[in-house]
Structures are given as C-alpha cells and as structure tokens.
Amino acid sequence: MKTINLPIILILFLVLGSCKKEDPKPGLNPDDLVGIWDVESHRLEGSEQLNIVYLSLQYEFEPLNDGVGNFFLRYTDYQDYSGEWKGVYRVFQDSHQIEILPDREGPILLDVTLDGDKITLSGLFINGNTVTIAKKQ
C-alpha cells in the first residue's frame, strides 16, 4: 500500500508544484497618464453623452510633482459653449485608481485601465456612475 501511495504523492507534488501562480498586475505608472486624451465615449448611468450632450471632451494630465499633478477637462457642448474644468489629481498605483480634485468640488475616485493608447476611467462622478474611454493624442 505504501508503495502505491508514494508514487501518487510524488506525481501530485510534481503536478501541483509546477502550477505557476499568476504574476501580480503591475502598478499604474503615473507617467502613462501624462498627455492629452481625446474622449471617444462618455457614458453617464449607461447613457452615451458624447455627440448628444457634448460635441467634444478632452482630458489632459500633466506630470506629477511631489505626488500631485494638474488635470484639465475641456469640453464643447451642443449649445456651442466651450469650457474647462481643472484641478489636481493623485495616482494610487497599486489599486489602479486616480483621485481627481477639481477646483471648488469634492474628490472623485476613478478606476483606471490603460491598454496601449486607450484609457478607461470609471467610477462615481458628480452626476452618477460614469465610464469614459479616450485615446491618447
């Protein structure tokens, strides 16, 4: 009985020991955010806002300085009104999030997914749940 169990245990050990755990997802690199991002889709509570409420939306993230960087959100709406929303942002590398601190507003925490020259920002924005997809210039 011991002779049969030993080979089985050795085989299980070899099979289970060779299973590789997935490498942890690398942290969010703040340098990858820096630049101008043209919004391709902006959904608020599941409804598309681009080309309905806004003609154009554009994010800009400047490099961090002591952990904080400037951000700008530029927009043009369908009444041909253009404006700029600005403030500062911080990056939480391990959780893949940014915190946007707009002038005269409370903090907004957004999840960040980067895929090449595309970025997805999602979370609870001022007016509700939002998902924004943008392409880097």
Side-chain angles (χ1 to χ4, degrees):
M1 190 78 157
K2 287 184 180 181
T3 320
I4 295 173
N5 287 337
L6 186 58
I8 291 173
I9 291 171
L10 286 173
I11 291 170
L12 284 173
F13 179 75
L14 290 173
V15 169
L16 294 176
S18 66
C19 292
K20 184 180 171 187
K21 291 183 180 179
E22 278 190 39
D23 292 331
K25 190 175 177 181
L28 178 62
N29 183 351
D31 294 336
D32 293 341
L33 294 173
V34 173
I36 297 173
W37 299 85
D38 293 321
V39 174
E40 296 178 338
S41 174
H42 177 69
R43 300 182 76 75
L44 178 64
E45 294 294 333
S47 296
E48 183 60 55
Q49 303 296 300
L50 192 62
N51 296 322
I52 295 171
V53 177
Y54 298 103
L55 289 172
S56 66
L57 288 166
Q58 187 180 72
Y59 279 91
E60 181 176 358
F61 294 97
E62 292 184 344
L64 296 180
N65 185 8
D66 291 327
V68 177
N70 293 318
F71 91 91
F72 304 90
L73 173 59
R74 298 179 185 97
Y75 60 89
T76 302
D77 67 16
Y78 262 95
Q79 296 175 351
D80 208 25
Y81 176 78
S82 294
E84 182 176 78
W85 205 46
K86 60 184 178 176
V88 296
Y89 75 99
R90 297 186 303 165
V91 175
F92 301 104
Q93 291 177 288
D94 292 339
S95 60
H96 291 258
Q97 294 177 315
I98 59 172
E99 180 180 48
I100 293 177
L101 300 151
D103 294 344
R104 301 178 305 277
E105 299 284 345
I108 299 166
L109 189 64
L110 298 172
D111 295 321
V112 177
T113 304
L114 284 167
D115 185 15
D117 64 348
K118 296 262 185 167
I119 189 171
T120 301
L121 303 171
S122 58
L124 187 60
F125 216 66
I126 291 172
N127 298 330
N129 287 316
T130 184
V131 176
T132 300
I133 299 170
K135 185 174 182 177
K136 197 169 198 176
Q137 284 189 355

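What's counted below: heavy atoms across the whole structure, side chains too, no hydrogens, waters or symmetry copies.
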Salt bridge (charged side-chain N to carboxylate O under 4.0 Å, His left out) against Glu45, all qualifying residues, sequence neighbours excluded: none
So, Gln93 side chain and Leu28 main chain: donor-acceptor pair closer than 3.5 Å or not? yes
Using 0.5 Å steps for rounding, measure from the CG atom of Leu73 to the OH atom of Tyr59. 5.0 Å
When rounded to the nearest 0.5 angstrom, what distance separates CG in Leu55 from CG in Asp80? 7.0 Å
Can any side-chain N or O of Gln58 pair as donor or acceptor with the backbone N or O of Val39 at less than 3.5 Å? no
Within a 6.0 Å radius of atom OH on Tyr54, are there more than 12 heavy atoms belonging to other residues, nucleotides or ligands? no
The side chain to side chain contact (heavy atoms under 4.5 Å, CB included) partner of Tyr89 among Asn70, Leu101, Leu64 is Leu64
Ignoring hydrogens and geometry, is there a side-chain-to-backbone donor-acceptor pair from Thr130 to Ser122 under 3.5 Å? no
To the nearest 0.5 Å, what is the distance between NZ on Lys135 and CG on Asp117? 5.0 Å
Between Tyr81 and Tyr75, is there a donor-acceptor pair closer than 3.5 Å when you use the side chain of the first and the backbone of the second? no
Quick check: is Leu121 connected to Leu44 through a chain of hydrophobic side chains (ILVMFWY, heavy atoms under 4.5 Å apart)? no
Crowding at CD, Gln79 (>12 non-hydrogen neighbours, <6.0 Å): no
Can you measure from CG (Asn51) to CG (Leu57) and round to the nearest 0.5 angstrom? 9.5 Å
Could you please spell out the steps behind the side-chain contact (heavy atoms from CB on, under 4.5 Å) verdict for Glu62 and Phe72? CA-CA 9 Å; Glu62 292 184 344; Phe72 304 90; 3.4 Å; yes
Taking atom CG of Asp103 as the centre, report whether more than 12 heavy atoms of other residues, nucleotides or ligands fall under 6.0 Å from it. yes
Arg90 side, atom CZ; Gln97 side, atom CD - distance, nearest 0.5 Å: 11.5 Å
Please tabulate, for side-chain N and O atoms in residues 29-37, each donor-acceptor pair with protein atoms closer than 3.5 Å (sequence neighbours left out).
unit_1 : atom_1 : unit_2 : atom_2 : d
Asn29  : OD1    : Asp31  : N      : 3.0
Trp37  : NE1    : Leu33  : O      : 2.8

Assess the residue pair Ser41 and Leu50 against the criterion (side-chain contact (heavy atoms from CB on, under 4.5 Å)); give the C-alpha distance rounded to whole Å, side-chain angles, the decisive distance to 0.1 Å, and a yes or no. CA-CA 6 Å; Ser41 174; Leu50 192 62; 5.7 Å; no
